[in-house]
Amino acid sequence: MKRMRKIMALALAVAVVGVSMTGCGKTAADTQPKASDTLIYAQGAEPRGLDPALVDDGESAKVMINIYDGLLKYNKDSTKVEPSLAKSWDVSADGLTYTFHLQEGVKFHDGTDFDANAVKVNIDRQLPPQVTADMPYATFVYGSVKDVQVVDKNTVKVNLTAPSTPFLANLAMVMSAPIVSPKALTDSKNNVNQAPVGTGPYKFVKWAKDENIVLVRNDEYWGTKAITKNVIFKFIKDNSARVVALNNGEADMIDGIDATVVKQITDAGNKIFKAPGMNINYMAFNTSKAPFNNAKARTAVSQSINVPELVKSLYQGYSEPATSILPAFMDGYDKSISQVAYDAAAAATAIKAAGLTKVHMITYTNPRPYNTATGQSLAESIQGYLAKVGVTCTIDSFDWTTYKQKVKAGDYDLAFYGWTGDNGDPDNFLYLLSVDDPTMNIALYKNPEFDKLIAKGVVTPAGMERNAVYTQLEKVAAADAAWLPISHAETLCAYRANIDGFYYHMTGVTPFAGVSKK
């Protein structure tokens, strides 16, 4: 009850802040907080930041989707592209010029105007010479952009150096593509990680480190206004603690649940949100140094791990073993593709011949959408398989934010990661083995043949020819064994029975504008 009182007090504070921000001159009676005024979402890890150009993690994306709008957005139930800040667009016959016609009268949360110049500022900051090394999605989203031209206040042209089939889909992503207030970027010296300013349905109020992020409804929103006044993103690292918070009414929605707690949640009268997941959970070899700069060593270790057995044990039917990097429903997937098959005897022989006796693993402690059992549990399972073939594994575990830095440093032999698709395009998955950014390509994999195929896939029009390119990319990746694909997770969240309109989008974000609490 003490925790409940603390949360309700926070809700009261949020309500008061919301009134002062909107400046509507309401009476005290009008501002009395109600339980239905505040949504509390408990997630397993803290965001890395709230500047869409500077982060690449799902925990940040869940918050940012509520603060920002992009030129385009995805349909609620798919990755079909729909208008957002751009109400319409034209594409030149050669596929090199995109002309966007913008919504009029839109304001950023700081009161400044959204216009064509704001679009140019946001794209230009992620193009040479302004782009910086800490912008992980800049090349992915804008790598084909030549320049941006302001035609007039409500019209902007984006010129490309080459056709890009996924370009429109990229502009609907919550990473890199959302539009930030140019004034806020100037005031914050080009980093709004701690003070985000967008045009979205919710405004940022505060971030209490290790505790929560508070948002308040944008009552001047240009689109359909949010139903619920306040949203609190609460950080609860432990899986079981999040379940307790939900069942006690201290949280309205939670993520990162696994098969072991489903009955506990439903027995308490709460509900499960379940949907096919657009993701991959994998183990990566550090291919930049010995012993795993040798494909034979990578193959031998992969042979020692019984992936179907591991997936059944850890995820109990809520994930399926991955035979491919791509989810089975995605263009380019081919059921003939297979990874290194389990063969413990062959693995033991090859590992002994290679003189491989020990490896250093790093992993994360929290659950992820693609791995609800936590990185620690997954690493320990792999450790057990490798022990059987004579390899001793040391495991260093870190919270998610620290882990991202450890991955970037590259001090590991094996690391665990995953990916939730941003845009429904196969390039979004396979590009990860081509990009130079070590926080995305954690295998540090370099293969000129692979890179050429990636470039070909981007410019090839949608259809069977393009799908064949990504199937070939899958085959190259499987043969080189830079990753061991482990599983595709079903999306699994939980919410209280009095919550209406909650959904977890297939791209891994949680839009709350249409969510209400009875």
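Heavy atoms only: backbone and side chains are in, while hydrogens, waters and symmetry mates are out.
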Any donor-acceptor pair under 3.5 Å linking the side-chain atoms of [Y] with those of [X]?
X: Gln339; Y: Ser302; value: no
X: Asn122; Y: Arg125; value: no
X: Thr365; Y: Asp399; value: no

Holding to salt bridge (Lys or Arg N to Asp or Glu O under 4.0 Å), I want the full list of residues that pass it with Arg496, two or more places apart in sequence or in another chain.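 Not a single residue meets the salt bridge (Lys or Arg N to Asp or Glu O under 4.0 Å) criterion with Arg496.
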Charged N-O contact under 4.0 Å between [X] and [Y]:
X: Lys408; Y: Asp437; result: no
X: Asp56; Y: Arg48; result: yes
X: Lys62; Y: Asp255; result: yes
X: Asp413; Y: Lys358; result: no

Can you tell me if NZ on Lys289 sees more than 12 non-hydrogen neighbours from other groups inside 6.0 Å?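 Yes.
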In terms of heavy-atom contacts, does NZ of Lys87 have more than 12 from other residues, nucleotides or ligands at under 6.0 Å?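 Buried by this count: over 12 neighbours within 6.0 Å.
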Under 3.5 Å: donor-acceptor pair, side chain of [X], backbone of [Y]:
X: Ser304; Y: Tyr385; value: no
X: Thr287; Y: Ala443; value: yes
X: Tyr417; Y: Thr439; value: yes

For the student: nearest non-hydrogen atoms of Ala42 and Ile236, plus distance: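 Heavy-atom minimum between the residues: CB-CD1, 4.0 Å.
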Looking at every heavy atom in both Tyr333 and Thr323, which two are closest together, and how far apart are they?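 Looking at all heavy atoms of both residues, the closest pair is OH-OG1, 3.7 Å.
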Among Asp422, Thr79, Thr420, Asn170, which residue satisfies the side-chain hydrogen bond (donor to acceptor under 3.5 Å, both in side chains) criterion with Asn428?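 Option passing the side-chain hydrogen bond (donor to acceptor under 3.5 Å, both in side chains) with Asn428: Asp422.
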